[in-house]
Amino acid sequence: MNITFIGTGYVGLVSGIMMSYLGHNVSCLDTDTQKIVQLKKNILPIYEPKLEQYLTPLLESGQLQFLDTYSATLEASNVVFITVGTPSLPSGAADLQYIFAAIDNLSSWINKECLIVIKSTVPPTTCNQIITYLHAKNLHFPVASNPEFLREGSAVDDFLNPDRILIGTNSKIAEDLLREIYLPLITKEIRMVCTDLVTAELAKYSSNSFLATKIAFTNEMANLCEQTGANIKDLTLAMGLDKRIGEEFLNAGPGFGGSCFPKDLLALAQVAKTFYTECQIIDAVISSNNQRPYDMVKKIYYILNNCSISEPIDISPLSQLASTLYLEQQQAEANKYNLPSEINFSNKTIAVLGLTFKAGTDDIRNSAAIKIIQILLDREAIIQAFDPMGMLHTKKYLEALNYNNIFYATTALSACQNSDLILITTEWAEFKALPWETIKSQTKNPIIIDLRNILDADQLNSIGYKYHCIGQG
Ligand code: UGA
């Protein structure tokens, strides 16, 4: 089968390479020439474990190619997958301009039987809008929806062993074509769910939103554990062993991030408004997760200052700092999330281990670690940061926002030197194996706050740390 992917972002690149591995002739097209030049040289623009080992032989064999222009070569495609971005508009709704630009560009080159498949995450009814849009131009390509469920950091394994393959279409021909494409996976007894276009589109949003709800719920239970003396690890174990609940996505942490959950929840909330439906749970999850980094900063402050997290809080303005518009905006946001004005970290050096939104990726988009760093810097902390993969993106991002009081360490050990507190913000496995005794002798204060609950409390306490984690009284 000849397949073209439009858009070599995260989903397009992983799916394109892996579809080619399934035996199809795949072209990946992106108008970012620079990116395509690099890809042709076997250089990936993202860090994704295992992906390069698939890319190299497929490129060499010619079964996979990269293009930077729409041209007559598209005519040979049996199927075109659209995998362009659908970022948030200021309202939170999904911006569909790249989807429609791709449709415009490809429709003058593809053959009239070519199936257009929307793989990008799009709000329900988008595919029907595309069909109407094409009909108005007297174009009658079949259109299907095939949402993606890959996770960054484990996308290759997720592609080869998906929990399900979801297809939305009103056409038997389109369904059969997609079955043929995925045949190598379906024969492994992976279930294919075939439904209508709108249901497939909405199922993607509801899956991500449900997972995000699980995390936000767990984080709130962790708060309650801290106040009551319960233990979140045992609590989630007890919950998760109930098959109706399931063990996954019950890890308490600093809040969910990434390029999908935050964006998709906002878009779903907008979809609900558009269709005059109340989605109160979605609104609550957004608000709970927005609150999370502020709660983490309060926790850091109270631990550093040896006081109780349940003390009454004062939300008077940060008068001495609110002299510029930027600081006023920061203060307004801090007030919104109840961050008291006395919370200040001047003369405190905080080592932050972990910058990416989760382990296994170099992606810092909507990372809770970055948000926490910004709040700490706004409150005059000095940050010494380290991440195995996220250093470059973080430096670029924070420098553009004029954050200066942050030092980018080359190792976790050097980030911790002379620090008043060590904060674990991303669950990189290598942090568990750090030489914690050596690190202790080089810190000012042996305090660790583990926002991912990955370290061994007994071991760290036994060597003299004051170890704090999430969700333990
Ligand atoms: C998510 C979905 O899991 C994928 O199925 C989906 O295909 C993808 O979005 C997408 O829409 O493209 P991803 O964004 O890569 O994948 O990340 P997740 O592994 O889902 O993690 C999201 C966030 O939740 C991370 O910040 C992670 O640290 C946090 N998380 C996850 C927790 O805090 N606790 C958990 O138990 C699990």
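The residues of the chain are indexed from 1 along the displayed sequence. In listed order, ligands and their atoms are each counted from 1.
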Below 3.5 Å only, please: the N or O atoms of ligand 1 paired with protein N or O atoms, distance on each line.
from     : atom 1 : to     : atom 2 : distance (Å)
ligand 1 : 5 (O)  : Phe149 : O      : 3.1
ligand 1 : 7 (O)  : Glu148 : O      : 3.4
ligand 1 : 7 (O)  : Phe149 : O      : 3.4
ligand 1 : 7 (O)  : Leu150 : N      : 3.1
ligand 1 : 7 (O)  : Leu150 : O      : 2.7
ligand 1 : 7 (O)  : Lys204 : NZ     : 3.4
ligand 1 : 11 (O) : Lys204 : NZ     : 2.6
ligand 1 : 11 (O) : Asn208 : ND2    : 2.8
ligand 1 : 15 (O) : Glu152 : N      : 2.7
ligand 1 : 15 (O) : Lys358 : NZ     : 3.2
ligand 1 : 17 (O) : Lys358 : NZ     : 3.2
ligand 1 : 19 (O) : Lys358 : NZ     : 2.8
ligand 1 : 26 (O) : Gly257 : N      : 2.9
ligand 1 : 26 (O) : Phe357 : O      : 2.9
ligand 1 : 28 (O) : Phe357 : O      : 3.3
ligand 1 : 28 (O) : Arg452 : NH1    : 2.8
ligand 1 : 28 (O) : Arg452 : NH2    : 3.4
ligand 1 : 34 (N) : Asn251 : O      : 2.9
ligand 1 : 36 (O) : Leu250 : N      : 3.4
ligand 1 : 36 (O) : Asn251 : N      : 2.9

**Prompt:** Where is the tightest heavy-atom contact between Ile282 and Leu265, given as atom of each residue plus distance?
**Reply:**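 Closest approach of Ile282 to Leu265: CG2-O, 3.5 Å.
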**Fill in**
Heavy-atom nearest pair, Trp428 first then Gly354, reads CD1-CA, 4.4 Å
**Message:** Tell me if a side-chain donor or acceptor on Glu201 pairs with a main-chain N or O of Cys127 at a distance below 3.5 Å.
**Reply:** yes
**Prompt:** So, Lys214 side chain and Glu248 main chain: donor-acceptor pair closer than 3.5 Å or not?
**Reply:**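 Such a contact is found between Lys214 side chain and Glu248 backbone.
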**Request:** Flag yes if more than 12 heavy atoms outside Gln38 fall under 6.0 Å of its CD atom; otherwise flag no.
**Result:**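 Yes, enclosed.
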**Request:** Kindly confirm or rule out a cation-pi arrangement of Arg164 over Phe149, judged by NZ or CZ under 6.0 Å from the six-membered ring centre and within 45° of its axis?
**Result:**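 Here Arg164 passes the 6.0 Å and 45° test against Phe149.
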